[in-house]
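Here is the structure we will look at.
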Number of protein chains: 2
Amino acid sequence: MNAIKVRGIQAAEAAAGATTASAEADALHALDRIDRAILRQLQTDASISNVALAAKVKLSAPACLRRVERLKESGLIRGVVALIDPKAAGAGMLVIIGVVLDRSTPESFAAFEKAAQKVAGCMECHVVTGEFDYFMTIRTRDSDSFNRLHAEQLLYLPGVRQIRSFMVLKEILSTTKFPL
Amino acid sequence: MNAIKVRGIQAAEAAAGATTASAEADALHALDRIDRAILRQLQTDASISNVALAAKVKLSAPACLRRVERLKESGLIRGVVALIDPKAAGAGMLVIIGVVLDRSTPESFAAFEKAAQKVAGCMECHVVTGEFDYFMTIRTRDSDSFNRLHAEQLLYLPGVRQIRSFMVLKEILSTTKFPL
DNA sequence: CTTGAAATACTACTACG
DNA sequence: CGTAGTAGTATTTCAAG
């Protein structure tokens, strides 16, 4: 059940950040069937041992390990993480909020973004087109705790003109798996 | 759902008088400092070896392994997965769409949910309160491919009255890490 | 109930064909 | 890419706090 060991993650991330868009597209295009099978498996369960993974993709263990390392160093695999069940962690409530800023200046956006990342339970924050400037998704315990967060933190984010909250009643789908 | 005890602290639960709280919340509160340190580490990088993890949390390897297994069996750790860099995988575009259905009937909702989960690149789909019935987030290659998806799939989802698209211009924050 | 030390089985990893 | 060998790890057993 041990995760596959990584060698030189720092270097891989640095390299990934420096790659160009065309290089990234090429990296994907260079994937064969086996690479895709590896990625599909690791996206589903990365706690599998390398020998078991090798057997699944019908490859010898060293060859499989080399491919996994290559995928990590190329930056295509951004990392291997444990996913925590929000309900079990006491954050069963999910809220999507749309934010409109007072002014559309670079300073205003920068100040908001800096502060938004520090909001407890903020899982996502994106600049969007349309009637909102930002969309954020926030995980919190219940409606009480969200109300507190809303009154004490969200309304005081810098430059906020309006916040519209969409409370999630049912999570139909929430995945990190990307179709290959 | 798994009602397996996370840590054998029946006495603590009784003393806390948290009998009215959910079993999941109790599971979280049974976590001590070491469990939280383990979860924080595994949320950041789960490819670390067990011996290295044990050293980080100042525990022997077997004891550390037992705690990790307990966290998995309790369901608090939902899984260990590899995260793929969307840009590198040729899906640099993220779109958030709000969906309004024709009618608010159980059949209408069920049909939509079933179909929505099959949309290629759909990462999230939630029922929400407010002016929309659903929010979905979709990863795709570029505006062309999204336009195709929009015209060929999204508009044909069952029972859809209106779809409003918010294209993500900049991803400020996108994390799976949950604050403990 | 949890921990840590020792022993075993298995795995990652290296070198080479 | 595969085989063989080495080094290191995960995992079990067991004794003790």
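We name chains A, B, ... by the order of the sequence lines, and we start the count at 1 in each one. Keep in mind the model is a prediction, meaning the values are calculated, not measured.
Rounded to the nearest 0.5 Å, atoms CE (A:Met136) and CG (B:Leu173) are 8.0 Å apart. Rounding to the nearest 0.5 Å places OG of A:Ser74 at 7.5 Å from CG of A:Leu31. Atom OG of B:Ser60 is separated from atom CZ of B:Arg66 by 6.5 Å, given to the nearest 0.5 angstrom.
When rounded to the nearest whole Å, the span between CG of B:Leu65 and C1' of C:dT3 equals 14 Å. With rounding to whole Å, B:Asn50 atom CG is found 13 Å from C:dT3 atom P. Rounded to whole angstrom, the span from the CD1 atom of B:Ile48 across to the C1' atom of D:dG8 amounts to 15 Å.
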Polar atom pairs (N or O), protein with nucleotides 1-3 of chain D, under 3.5 Å:
{"unit_1": "D:dC1", "atom_1": "OP1", "unit_2": "A:Arg67", "atom_2": "NE", "d": "3.0"}
{"unit_1": "D:dC1", "atom_1": "OP1", "unit_2": "A:Arg67", "atom_2": "NH2", "d": "3.0"}
{"unit_1": "D:dG2", "atom_1": "OP2", "unit_2": "A:Ser60", "atom_2": "N", "d": "3.1"}
{"unit_1": "D:dG2", "atom_1": "OP2", "unit_2": "A:Ser60", "atom_2": "OG", "d": "3.0"}
{"unit_1": "D:dG2", "atom_1": "N7", "unit_2": "A:Arg66", "atom_2": "NH2", "d": "3.3"}

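Aromatic ring pairs are classed by plane angle as parallel below 30°, tilted from 30° to 60° and perpendicular above 60°; the pair A:Phe166 and A:Phe135 is tilted.
With sequence neighbours excluded, the residues that form a side-chain contact (heavy atoms from CB on, under 4.5 Å) with B:Val100 are B:Phe132, B:Asp133, B:Arg161, B:Gln162.
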